[in-house]
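Accompanying notes for the structure given below.
Keep in mind that what you see is a predicted model, and the values were worked out from it rather than measured.
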Amino acid sequence: MDFHKEATAAKLTDDLVVDILSRLTYKDFCRCKCAYRAWSAFSSDPDYRKKLPKKVTTGLLYQGHNKPAIPLVSLSQDDGEIDGILADVPHYEHLEFLDCCNGLVLCKYRSSYSSPHICRFIVCNPATREWRILPDTHPTTDDPHYVTILAFDPSWSPQFYIFNFHLRHHHGLILGTSKLEIFQSETSTWLVDDNLDPDIDICFRTHSFVSGMLYVTTGHKVLVFEGLEAMSAGVPPYHQTISLPPEASYVANFTRGCFGKSSGILDYVLPHENGRSIVVWSLDDYAHNLWAWTVKCQLNMADAFGRDDFVHYDNGGDEGDDRWFWNCDYRVVDLDLERELVFLCDEKAKKLLSYNISTRKLNAIEDAFEWHHYYVYVPCYSELPAQEPSVE
């Protein structure tokens with residue numbers, strides 16, 4: 001920095017400088033500290049440190065029941081939870097966290113804030129401190145139920161997609177899907193897919209977006225969407241169903257598995273029936289649309305936990321099956337196979353854990369977890385695609 005610039009910066013009050021720096025991303029803030037060393041001291045001041053940009057790290061995002069905060073659980077227990085990564089979003093205290101995909105976060109404004117007659121989504125990038133409010137959609141019933149999924153992969157396309165499944169339900173029982181809306185960021189429009197089977201049940205939210213294809217579990221099946229590029233011409237994506245691994249059919253009745261990806265290939269993870277290992281399957285496409293699951297590996301939970309008594313059964317009652325309902329002392333929360341990590345909830349110890357596939361070790365991330373949907377968050381520094389001028 002030359003003398004003229006240093007003299008100009010010196011005329012600014014500290015409060016004004018901190019206010020300017022607070023509007024930067026963490027990455028740009030670090031560059032500024034390197035360019036003008038006097039600004040580095042602000043990070044040591046307890047009052048200024050609260051206002052300055054914070055490092056957005058890899059972790060697990062979640063939201064407590066009826067709570068406004070959407071904290072990021074760091075993978076290091078020493079760091080704990082990081083609050084406020086969405087604090088730049090307008091009226092963030094009214095957000096409902098829905099999904100996370102490759103660095104983007106999908107939320108919805110609660111109907112008590114927006115209106116019961118509209119559904120307003122917002123896509124955020126915490127790393128670049130950007131957000132984009134999507135055009136409103138409208139519920140088809142007075143008591144709408146949705147499963148909403150974000151699909152984004154910057155290595156495949158800078159565009160993102162939102163799949164909003166309207167669920168048919170009666171007294172809390174999900175009966176199928178009444179409508180599917182799909183949003184594409186390039187055209188900033190919602191398309192309605194009229195070809196989806198209304199009996200498809202999208203209630204477990206296990207999904208993954210790999211190489212331009214979205215995979216969503218529906219019971220023992222996987223709903224696969226492809227051809228998303230055609231949406232720019234107003235054509236909904238093509239979809240088909242494939243089966244989960246046959247060996248997973250029993251356990252999948254009682255607990256949800258998780259999708260992941262490694263080297264551009266879809267993986268599926270589920271505890272073994274005896275609970276002593278976690279099975280990882282890979283989906284191979286031997287020819288176009290000729291799918292087959294193969295066992296990639298088994299992760300030894302008995303060695304990791306130091307015991308092998310994980311599974312117990314609920315009794316079916318008088319004259320019922322004594323092995324009526326399968327239970328396991330841990331459940332798979334999410335996975336990041338690119339970093340060789342599987343995230344687990346230990347139901348007995350009430351801990352959130354990570355399992356490192358390379359070291360075969362468990363690491364406690366957080367104590368006293370609640371029953372939340374946790375989603376792996378990895379920062380992405382790609383800018384959100386520009387909004388169409390016609391969309392306000």
Measuring from atom [atom1] of [X] to atom [atom2] of [Y], what distance do you get when rounded to the nearest 0.5 angstrom?
{"X": "Met213", "Y": "Tyr238", "atom1": "CE", "atom2": "OH", "result": "9.5 Å"}
{"X": "Ile122", "Y": "Cys107", "atom1": "CD1", "atom2": "SG", "result": "7.5 Å"}
{"X": "Glu93", "Y": "Arg110", "atom1": "CD", "atom2": "CZ", "result": "10.5 Å"}
{"X": "Leu104", "Y": "Cys124", "atom1": "CG", "atom2": "SG", "result": "9.0 Å"}
{"X": "Tyr92", "Y": "Ile70", "atom1": "OH", "atom2": "CD1", "result": "10.0 Å"}
{"X": "Glu229", "Y": "Gln184", "atom1": "CD", "atom2": "CD", "result": "9.5 Å"}

>> Could you work out, with side-chain contact (heavy atoms from CB on, under 4.5 Å) as the rule, every residue matching Arg339, not counting sequence neighbours?
In response: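 Counting only residues at least two positions away or on another chain, Arg339 forms a side-chain contact (heavy atoms from CB on, under 4.5 Å) with Asp336, Leu341, Val378.
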> Who passes side-chain contact (heavy atoms from CB on, under 4.5 Å) against Ser262, sequence neighbours left out?
Replying inline: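 side-chain contact (heavy atoms from CB on, under 4.5 Å) list for Ser262, sorted by chain: Asp267, Lys296, Leu337.
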ring-ring contact (aromatic ring centres under 6.0 Å, His included) against [X], all qualifying residues, sequence neighbours excluded:
{"X": "Phe165", "answer": "none"}
{"X": "Trp131", "answer": "none"}
{"X": "Tyr109", "answer": "Tyr113"}
{"X": "Tyr215", "answer": "none"}

> What's the verdict on ring pair (Phe, Tyr, Trp, His ring centres under 6.0 Å) for Phe152 and Tyr161, showing C-alpha distance, side-chain angles and the deciding distance?
Replying inline: CA-CA 7 Å; Phe152 171 69; Tyr161 304 83; 9.4 Å; no
> Do Tyr62 and His373 pass the ring pair (Phe, Tyr, Trp, His ring centres under 6.0 Å) test, and can you show the C-alpha distance, the side-chain angles, and the key distance before you say yes or no?
Replying inline: CA-CA 6 Å; Tyr62 79 96; His373 289 291; over 10 Å; no
Indicate the atoms forming the closest heavy-atom contact of [X] with [Y], along with that distance.
{"X": "Arg168", "Y": "Pro198", "value": "NH2-O, 3.0 Å"}
{"X": "Leu191", "Y": "Gly234", "value": "CD1-C, 3.8 Å"}
{"X": "Ile365", "Y": "Ser354", "value": "CD1-CB, 3.7 Å"}
{"X": "Thr148", "Y": "Asp99", "value": "O-CB, 4.1 Å"}
{"X": "Pro126", "Y": "Gly103", "value": "CD-O, 3.7 Å"}
{"X": "Leu228", "Y": "Pro237", "value": "CD1-CB, 3.9 Å"}

Can a donor-acceptor pair be found, under 3.5 Å and without considering hydrogens, that links the side chain of [X] to the backbone of [Y]?
{"X": "Trp156", "Y": "Val210", "answer": "no"}
{"X": "Trp293", "Y": "Glu247", "answer": "no"}
{"X": "Thr206", "Y": "Gly257", "answer": "yes"}
{"X": "Glu130", "Y": "Leu384", "answer": "yes"}
{"X": "Gln159", "Y": "Glu186", "answer": "yes"}
{"X": "Thr217", "Y": "Val222", "answer": "no"}

Salt bridge or not for [X] and [Y], using N-O below 4.0 Å?
{"X": "Lys261", "Y": "Glu338", "answer": "no"}
{"X": "Asp88", "Y": "Arg129", "answer": "yes"}
{"X": "Arg307", "Y": "Asp309", "answer": "yes"}

> Quick check, are the ring centers of Phe259 and His207 under 6.0 angstrom apart?
Replying inline: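 No, ring centres 6.0 Å or more apart.
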> Do the ring centers of Tyr375 and Phe97 come within less than 6.0 Å of each other?
Replying inline: yes
>> Please evaluate residues Gln63 and Glu96 with respect to the criterion side chain to side chain contact (heavy atoms under 4.5 Å, CB included), reporting the C-alpha separation (whole Å), side-chain torsions for both, the decisive distance (0.1 Å), and the verdict.
In response: CA-CA 8 Å; Gln63 184 175 38; Glu96 178 183 346; 4.2 Å; yes
> Just wondering, are more than 12 heavy atoms of other shown residues or ligands nearer than 6.0 Å to NE2 in His91?
Replying inline: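 Counting other residues, nucleotides and ligands, NE2 of His91 stays at 12 neighbours or fewer.
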> Hey, mind stepping through Phe305 and Phe310 against ring pair (Phe, Tyr, Trp, His ring centres under 6.0 Å) and telling me if it holds?
Replying inline: CA-CA 10 Å; Phe305 281 92; Phe310 298 102; 5.4 Å; yes
> Can you check side chain to side chain contact (heavy atoms under 4.5 Å, CB included) on Asp284 and Trp291, steps first, answer last?
Replying inline: CA-CA 6 Å; Asp284 298 316; Trp291 310 96; over 6 Å; no
> Parallel under 30°, tilted from 30 to 60°, perpendicular over 60°: which one fits the rings of Phe163 and Phe225?
Replying inline: tilted
Any side-chain heavy atom of [X] within less than 4.5 Å of one from [Y]?
{"X": "Ile182", "Y": "Asn164", "result": "no"}
{"X": "Thr137", "Y": "Cys119", "result": "yes"}
{"X": "Asp314", "Y": "Asn327", "result": "yes"}
{"X": "Leu60", "Y": "Val376", "result": "yes"}
{"X": "Arg132", "Y": "Ser185", "result": "yes"}
{"X": "Pro135", "Y": "Phe183", "result": "yes"}
{"X": "His272", "Y": "Ile278", "result": "no"}
{"X": "Ile162", "Y": "Val123", "result": "yes"}

> Tyr313 and Phe325: ring pair (Phe, Tyr, Trp, His ring centres under 6.0 Å), yes or no, with the steps?
Replying inline: CA-CA 5 Å; Tyr313 295 86; Phe325 198 95; 9.4 Å; no
> Leu353 and side-chain contact (heavy atoms from CB on, under 4.5 Å): which partner among Asp346, Val342, Asn363?
Replying inline: Asp346
>> For Cys345, run the side-chain contact (heavy atoms from CB on, under 4.5 Å) check against Leu352, Val332, Asp329 and tell me which one passes.
In response: Leu352
> Going through the distances and angles, do Tyr268 and Val280 end up as a side chain to side chain contact (heavy atoms under 4.5 Å, CB included)?
Replying inline: CA-CA 6 Å; Tyr268 180 69; Val280 182; over 6 Å; no
>> Can a side-chain donor-acceptor contact be found between Ser277 and Asn300 if the only test is distance below 3.5 angstrom?
In response: no
> Yes or no on side chain to side chain contact (heavy atoms under 4.5 Å, CB included) for Tyr377 and Val73, after CA distance, side-chain angles and deciding distance?
Replying inline: CA-CA 9 Å; Tyr377 170 78; Val73 181; over 6 Å; no
